[in-house]
Amino acid sequence: MKTEIKIGVFGDRKGDKTKIRLRKLRSLLYADRPVCCACGCEMPRHRRGGLCEDCERESLKLGADICNKCGRMIANEAEYCDTCKSRERAYRRARSCFVYDGKIRKLVHKLKFGGKRYLAAFFAEAIADRYLDCDYDCDCIVAVPLSAKRKLWRGYDQAELIAEELSAQLRLPLISGALVKVKDNKMQARLGLKEREENVRGVYELTDAAPFKGKRVLVIDDVLTTGATLGEVSKVIYKARARSVDCLTYASTRSLAPTENILDEEDYNEDEMV
Ligand SMILES: [Zn+2]
Ligand SMILES: [Zn+2]
């Protein structure tokens, strides 16, 4: 019995030592090796945007086949989507990196409702690349703000986090605190097109117009759905006599049906996450 235990102990110790050596070797080989934000697999250091090759391939990257105005994916070869054909949006153009679907949708939820702030840096990398792709040329960045109440409740403002990272990456100044959300409106997610426009009217204000005057402004948000929010924000910024207002978001929805694109806390499910 005693011998058996000894053999066991020695055997385990030997095994443990081997395991430790392997772990050390592995940590030397893979020290700080980044992992994919969506699936958790290890990936090469040079990859930008936090997604491995497979996850990026599975996600719908936006480039061609988009609406010239709002940048959302369109199935036909039309120049503008149905929303932009029928509605005026104050911004000059909006563009996004991905279609808001699948893994991208989950990542947005993780940042927005799941407290995963580190994702902001990866979203900013993707947005910075998109900025260069679509030949934007802006003087400054501003984020679509949350109301003070909601920011306090959530602990952070996800669009502001992305904008901070983007500002560092593109070396463009970030205008902070000059654009505020003064009213907490209903969540946009469950509203129709017209209701969304009414819902955002008058909720954004400028506390200081000076930083926008004569500037080519880049507005940042996480998701564009119908463009109503970004349109309202752009309208407010134009009132400060900005030279132009362009928008960039990490993702944009592909359909008009708001119920297909739900984006609120009730739908956030931690179990869905990798
Ligand atoms: Zn992956
Ligand atoms: Zn459009």
Side-chain angles (χ1 to χ4, degrees), residues 30 32-111 114 116 118-119 121-123 125-126 129-130 133-134 136 144 188 191-194 196-197 200 219 221-235 244-258 260-261 272-274:
Y30 298 110
D32 301 325
R33 175 70 70 96
V35 292
C36 171
C37 298
C39 73
C41 79
E42 279 168 353
M43 57 180 200
R45 274 190 194 88
H46 67 265
R47 285 199 68 78
R48 287 173 59 78
L51 292 175
C52 70
E53 234 172 283
D54 289 345
C55 289
E56 197 174 288
R57 205 178 305 120
E58 268 178 50
S59 310
L60 292 164
K61 220 171 176 177
L62 290 163
D65 303 324
I66 57 166
C67 166
N68 276 345
K69 176 81 179 175
C70 73
R72 291 189 302 173
M73 179 181 260
I74 37 180
N76 50 32
E77 286 182 2
E79 223 176 314
Y80 299 102
C81 72
D82 291 343
T83 310
C84 294
K85 277 183 199 159
S86 64
R87 331 296 283 195
E88 272 290 314
R89 298 285 185 238
Y91 50 79
R92 199 165 57 166
R93 56 179 180 156
R95 294 292 181 264
S96 312
C97 308
F98 294 101
V99 171
Y100 178 64
D101 204 4
K103 289 181 174 174
I104 297 297
R105 184 177 185 274
K106 286 183 184 174
L107 285 181
V108 170
H109 277 207
K110 268 182 167 182
L111 171 63
K116 306 285 191 276
Y118 67 89
L119 289 170
F122 296 115
F123 285 20
E125 275 182 2
D129 291 349
R130 191 78 178 107
D133 276 356
C134 46
Y136 270 25
V144 171
Q188 291 280 83
L191 303 177
L193 190 56
K194 204 159 180 287
R196 280 170 182 260
E197 284 159 8
V200 293
V219 183
D221 206 358
D222 48 5
V223 179
L224 177 145
T225 305
T226 65
T229 300
L230 286 164
E232 182 68 16
V233 164
S234 305
K235 200 169 81 186
S244 62
V245 182
D246 293 307
C247 307
L248 272 174
T249 61
Y250 181 62
S252 58
T253 61
R254 65 169 123 191
S255 96
L256 287 182
E260 287 173 30
N261 302 307
E272 266 185 44
M273 304 297 156
V274 178

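Counting from 1, the numbers follow the sequence of the chain as shown. Note that ligands are numbered from 1 as they come in the structure, with each ligand's atoms numbered from 1 the same way.
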Open item on the list: Test of understanding: with side chain to side chain contact (heavy atoms under 4.5 Å, CB included), list the residues that count as partners of E53, not counting sequence neighbours.
Closed with: R47, R57
Open item on the list: Atom NZ of residue position K85 - does it have more than 12 heavy atoms of other residues, nucleotides or ligands inside 6.0 Å?
Closed with: yes
- [ ] Hey, can you tell me if F98 and Y250 have their rings parallel, tilted or perpendicular (30° and 60° cut-offs)?
- [x] perpendicular
Open item on the list: If I only include protein atoms of type N, O or S, how many are less than 2.8 Å from the Zn ion (ligand 1)?
Closed with: 4
Open item on the list: Does any part of the side chain of E125, heavy atoms only, come nearer than 4.5 Å to the side chain of R130, both counted from C-beta?
Closed with: no
Task: SG (C70) - the Zn ion (ligand 2) - SG (C81) angle, nearest 10° - done: 110°
Task: Side-chain heavy atoms of L230 within contact of V144, under 4.5 Å - done: yes
Task: Ionic contact status for K235 with E232, cut-off 4.0 Å - done: yes
